[in-house]
Protein chains: 2
Amino acid sequence: MDPAAQGGRRGDTRQRIQQVALELFAEQGYERTSLREIAERLGVTKAALYYHFKSKEDIVRSFSEDYLDELDELVTWAKAQPRTAATAQKIVDRYIALVMERREVFRFMERNQAMLHRSDDHKHHRLEQFRPRMNALVEAITGPDAPTRSRVRATAAFFAVSASCMFFMPDPSGSAGSAIPFQPAPDAEDLHKIVVEIADDILHGIDTPGPGPASRGPAT
Amino acid sequence: MDPAAQGGRRGDTRQRIQQVALELFAEQGYERTSLREIAERLGVTKAALYYHFKSKEDIVRSFSEDYLDELDELVTWAKAQPRTAATAQKIVDRYIALVMERREVFRFMERNQAMLHRSDDHKHHRLEQFRPRMNALVEAITGPDAPTRSRVRATAAFFAVSASCMFFMPDPSGSAGSAIPFQPAPDAEDLHKIVVEIADDILHGIDTPGPGPASRGPAT
DNA sequence: GTCTATAGACGGATAGAC
DNA sequence: GTCTATCCGTCTATAGAC
């Protein structure tokens, strides 16, 4: 039997803690998951966790930072692009890829918004800064002085794609959560294509330097 | 001075508990809000809360049920309508109105998904049944055997509108939360119109009995 | 690097007086 | 209907042995 399988691996304890904690935090919620539970699942004791992390929140920070870094990268990149309809598509496309790739972290953040919103100390916590990042992405598409309607549309595009991805991608499963045998989960690539198309439709309603074929009538 | 103002009202203690609890749960999170804190803000003791509610979760149940009832009403109504594009618009319109009207409860649910997802006993808890309701609304629009693409689009429409509303409608404020002085919050009616239009664009990409003018080309 | 043991605090919930 | 007092559980975090 592979010595790296079963429960015998070691040396990567820190990563294993992150992985298990992320899984449990996402599924049960941050506050309802105790360090004891994490330790038990790993076959260690609570005290061992404190060798690798200085606090419970520190574990969250550790596995969130990579995601936030990547999101910031995307923001920086987006800001540097020329403001065209084609760029908007690319931004959304990369955003979707990021959400899909880091879906576990994203799911954690989605389900623990309250915890992220009111962290013990706002000082060194970048977690609660979801809003400015979202605004930055939106502004990269609409420009700085866009009317409300454009900003809402761009925002809606991001929400539509991320929420849809989360809704249709299956839970990591293994335990509880989705006991409901609902419709089969679509393939990740199919889903990506579909949501890109949706975002595209939403963004077409925005006044950008290079809009697509004008073929939509206003609602009212 | 109005005797019903300031802090002197009484008799409606139950409602005041619900209101304060909802506010704190939505802002700080369910687990990070103690009964002591709720009681303090009301000028009573913890024990008093237990006269009106049998447990902490019972408070959540009490202010959630009205919202869920209304959502179920919408589902029932939607199912009974003929499946046309016009109906789809109406469903979304009513959904938006519901979210806006009950935005406090909606915000609570959004920020405490983890808590709602894994309630102590699944038996009498209707809270975690967000998914089936969403699917029901989607099916009312797409029909029972719709392809994945249609289902995703309809789902995205609902997410796009509710998330946008939550993002742009200001927090009840008064306390902390949105310390960031970002763009001015749009008027509620304007916002409603904008998101209806967005949903409309998304839903136009679905094969329904009576589609609008076909003027959109596929992405690929 | 992991353990045992425990400190120290706070939470939800109940009993019973008024 | 509200209060005082208290029970009991659990949690994070730390000290110190191995």
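Sequence lines set the chain letters: A, B, ... in the order given, protein chains first and strands last, and positions in each chain run from 1. If you're wondering where the values come from, they're calculated on a predicted model, not measured in any experiment.
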Residues A:D171, A:R111: salt bridge by 4.0 Å N-O rule: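 Salt bridge between A:D171 and A:R111, a charged N being under 4.0 Å from a carboxylate O: yes.
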Where A:R14 and A:H52 come nearest, the two heavy atoms and their spacing: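 Looks like NH1-O, 3.2 Å.
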Residue pair A:R107 / A:M169: nearest heavy atoms and the distance that separates them: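 Result for this residue pair: NH2-O, 3.7 Å.
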Per-nucleotide protein contact string for nucleotides 4-18 of chain D (B base, S sugar-phosphate only, - none; heavy atom under 4.0 Å): B------SBBBB---
Side-chain donor or acceptor of B:N112 paired with backbone N/O of B:A26 under 3.5 Å: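 Not at all, since once roles are kept as given, no pair shorter than 3.5 Å links the two residues.
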Residue-phosphate contact under 4.0 Å: A:Y51 side-chain N/O, C:dG1 OP1/OP2: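 Yes, A:Y51 has a side-chain N/O under 4.0 Å of OP1/OP2 on C:dG1.
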Under-4.0 Å side-chain N/O to phosphate OP1/OP2 contact, A:T13 with C:dT2: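 Result: yes.
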A:F158-A:Y95 aromatic ring centre distance below 6.0 Å: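 Here the rings of A:Y95 and A:F158 have centres that are less than 6.0 Å from each other.
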Interatomic distance where CZ belongs to B:F53 and C1' belongs to D:dG1 [whole Å]: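 Taking atom C1' of D:dG1 as the reference, CZ of B:F53 is at 14 Å.
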